[in-house]
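These numbers come from the heavy atoms of this one structure, side chains and all, not from hydrogens, waters or symmetry mates. Predicted model only: the values in this text are computed from it and were never measured.
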Amino acid sequence: MSYFSKLPLIGLFISSMILIGCNSCSNDDNATQTGETTDTDGVVIDVDASLFYTSDNSVTITTVPCTLSNGTTTDCYELVVTSTPADHTMGPWCPDNIADDAEAGGIWLENGQVYDVDGAFIENMASFYNDTTWLMYDDNGDIYTTDSLEDCANAANPNVGEEYENFCVECLPSYMADLTRTYLIPVTPQRVSSSINFGGGGPMGGNGPSQRGVAFNGVVFDAPAPTDAILGAYTLAPFDDAGGHINLNAGYHYHAATGVTTQLAQEDGHAAMIGYAIDGHGLYAQLNSDGNEPSDLDACRGHEDDVRGYHYHVDAAGANNFINCLNGAYAN
């Protein structure tokens with residue numbers, strides 16, 4: 001279904017939830033401070049574990065001791081997730097035929113734009129990329145699509161064989177039925193004096209974690225998709241309208257925030273909350289209710305206010321990016 005026609009109105013009023021866990025600007029009194037943490041006069045908001053989808057066991061949360069990247073020993077929430085979203089269906093990804101409309105396929109991210117992967121998109125890829133090698137369909141207009149777990153594994157391999165050239169790569173939820181992933185998020189976020197650059201690709205290369213954060217449904221906001229490598233093998237691995245697709249190792253994960261996942265509306269017109277960054281700071285949609293991005297975002301795409309403390313705003317969906325770096329310590 002078209003990305004532009006499927007954004008559900010699922011914002012919820014939760015000002016009271018957002019205010020739960022507001023502490024003073026000091027770090028946890030029980031923490032052992034051995035690393036650098038920045039001073040701040042603002043509020044610090046604890047992670048609210050009740051916001052995650054735990055009732056269907058798609059997310060299981062326990063509190064565990066942890067050591068953060070700045071050397072602090074503290075408590076973290078350990079999230080064990082099935083990577084199966086409870087708030088929306090996964091897919092579709094690849095249309096079947098070049099006559100199919102946007103309902104039959106997902107989306108693709110290119111040069112900051114979001115494109116529907118409908119039949120016409122597949123049909124016109126040679127023109128779109130100015131490369132006549134692209135021909136992803138047969139004489140009947142049927143699109144070459146991976147249709148087995150083995151094909152999924154082989155076509156998603158960094159060294160894709162020529163036999164998968166001009167295939168639309170579609171890995172299905174049934175291929176990851178027993179897969180779980182575990183993430184640690186500090187209960188109380190701690191600002192650091194120097195930004196931490198992510199590993200796993202993105203605008204700023206670094207040695208930090210590759211995950212950007214976790215949605216309330218337990219699905220991870222991941223590093224940018226390696227679109228150049230995908231296209232370089234003459235394959236296409238579309239995302240569904242929620243910005244997600246499946247990797248056999250990572251499970252279902254997001255590469256764009258498109259407004260399909262649960263959004264928690266803010267009563268003051270601030271952008272809706274969509275999850276937590278991996279450092280425990282809140283993660284919010286790109287745009288405020290007036291349709292504008294905040295003008296005071298720092299290099300990591302974060303800023304601070306008296307209600308939410310320090311928090312991040314995700315990048316535009318077409319950017320294949322969420323946030324650029326972390327200004328908080330993450331769990332080692």
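A side-chain donor-acceptor contact under 3.5 Å links Asp279 and His281. Using a 3.5 Å distance cut-off with no hydrogens or angles, the side chains of Thr63 and Asp75 do not pair a donor with an acceptor. Side-chain N/O atoms of Asp46 and Thr188 include a donor and acceptor closer than 3.5 Å. For the residue pair Tyr137/Asp142, the side-chain donor-acceptor check at 3.5 Å is not satisfied. Tyr129 and Asn124 share no side-chain donor-acceptor pair at under 3.5 Å. Inspection of the Tyr53 and Thr262 side chains reveals an N or O donor paired with an N or O acceptor under 3.5 Å. A donor-acceptor contact under 3.5 angstrom links the side chains of Gln190 and Thr72, judged on distance only. Inspection of the Tyr77 and Asp48 side chains reveals no N or O donor paired with an N or O acceptor under 3.5 Å. Using a 3.5 Å distance cut-off with no hydrogens or angles, the side chains of Tyr144 and Asp138 do not pair a donor with an acceptor.
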Using residues 217-225 as the side-chain source, report each donor-acceptor pair under 3.5 Å to any protein atom, sequence neighbours left out, with the distance given to one decimal.
from   : atom 1 : to     : atom 2 : distance (Å)
Asn217 : OD1    : Val219 : N      : 2.9
Asn217 : ND2    : Asp87  : OD1    : 2.8
Asn217 : ND2    : Tyr254 : OH     : 2.9

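Note: His313 and His311 have tilted aromatic rings, judged against thresholds of 30 and 60 degrees for the angle between ring planes.
Atom CG of residue Asn70 and atom OG of residue Ser193 lie 9.0 Å apart, to the nearest 0.5 angstrom. Atom CG in Asn166 sits 11.5 Å away from atom CD1 in Ile143 (nearest 0.5 Å). Rounding to the nearest 0.5 Å gives a distance of 10.0 Å between CD of Gln286 and CG of Asn292. Taken from CG in Asn324 to CG in Asp315, the straight-line distance is 6.5 Å, to the nearest 0.5 Å. If you take CG on Asn207 and CG on Asn197, they are separated by 9.0 Å, rounding to the nearest 0.5 Å. One distance of note links CG of Asn247 with NE2 of His253; it measures 5.5 Å at 0.5 Å rounding.
In this structure a side-chain-to-backbone donor-acceptor pair under 3.5 Å is missing from Asn288 to Gly291. Checked by atom type and distance alone, the side chain of Asn130 never pairs as donor or acceptor with a backbone atom of Ser127 at under 3.5 Å. A donor-acceptor pair is defined here as one N or O able to donate and one able to accept, closer than 3.5 Å; no such pair exists between the side chain of His270 and the backbone of Asp268. Under a 3.5 Å cut-off, the side chain of Thr145 and the backbone N or O of Cys94 do not form any donor-acceptor pair. Asp240 places a side-chain N or O within donor-acceptor distance of the main-chain N or O of Gly244, the cut-off being under 3.5 Å.
Between Met176 and Thr84 the shortest side-chain heavy-atom distance falls below 4.5 Å. Using a 4.5 Å cut-off on side-chain heavy atoms (C-beta onward), Thr146 and Cys168 make no contact. Inter-residue side-chain proximity for Asp241 and Trp93 is flagged as unmet; no heavy-atom pair is nearer than 4.5 Å. When side chains are defined from C-beta on, Arg212 does not count as touching Ile278, because their heavy atoms never get closer than 4.5 Å. Contact check for Cys300 versus Leu326: no side-chain heavy atoms found under the 4.5 Å cut-off. Considering only heavy atoms from C-beta on, Met125 comes within 4.5 Å of Leu236 through its side chain. The shortest distance between side-chain heavy atoms of Thr182 and Leu79 does not fall below 4.5 Å. Between Phe167 and Tyr234 there is no side-chain heavy-atom pair separated by less than 4.5 Å.
Connectivity analysis of hydrophobic side chains (ILVMFWY, heavy atoms under 4.5 Å, direct or indirect) links Leu184 to Val64.
Ring pair Phe128/Tyr115: centre-to-centre distance below 6.0 Å. Ring to ring, Trp108 and Phe239 are close: their centroids are under 6.0 angstrom apart.
Across Val81 and Tyr183, no two heavy atoms sit closer than the pair CG2-CE1, 3.6 Å. Pro85 and Ser83 make their closest contact through CD-O, 3.7 Å (heavy atoms, listed as atom of the first residue, atom of the second, distance). Taking every heavy atom of both residues into account, Val169 and Ala155 meet most closely at CG2-CB, 3.7 Å. Nearest heavy-atom pair across Thr235 and Trp134 is O-CH2, 3.4 Å. Here the closest heavy-atom approach between residue Cys76 and residue Ala331 is recorded as SG-CB, 3.8 Å. Considering all non-hydrogen atoms of both residues, Asn327 and Ser195 come closest at OD1-OG, 2.7 Å.
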Criterion side chain to side chain contact (heavy atoms under 4.5 Å, CB included) on Thr60 and Thr180, from CA distance to verdict: CA-CA 10 Å; Thr60 302; Thr180 61; over 6 Å; no

- prompt: Should Gln263 and Met273 be marked as a side chain to side chain contact (heavy atoms under 4.5 Å, CB included) after you check the CA-CA gap, both sets of side-chain angles, and the distance that decides it?
  reply: CA-CA 6 Å; Gln263 301 189 72; Met273 189 178 187; over 6 Å; no

- request: Please lay out, stage by stage, how Leu109 and Thr227 fare under the test side chain to side chain contact (heavy atoms under 4.5 Å, CB included).
  value: CA-CA 8 Å; Leu109 315 176; Thr227 53; 5.6 Å; no

Worked check of side-chain hydrogen bond (donor to acceptor under 3.5 Å, both in side chains) between Thr67 and Asn332: CA-CA 6 Å; Thr67 301; Asn332 289 319; over 6 Å; no

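None of Glu170, His255, Met90 except one satisfies the side-chain contact (heavy atoms from CB on, under 4.5 Å) rule with His245; the exception is His255.
In this structure Asp305 satisfies the salt bridge (Lys or Arg N to Asp or Glu O under 4.0 Å) test together with Arg308, sequence neighbours excluded.
Shown here is Glu150, whose CD atom has no more than 12 heavy atoms of other residues, nucleotides or ligands within 6.0 Å. Within 6.0 Å of CG on Asp296 lie more than 12 heavy atoms contributed by other residues, nucleotides or ligands.
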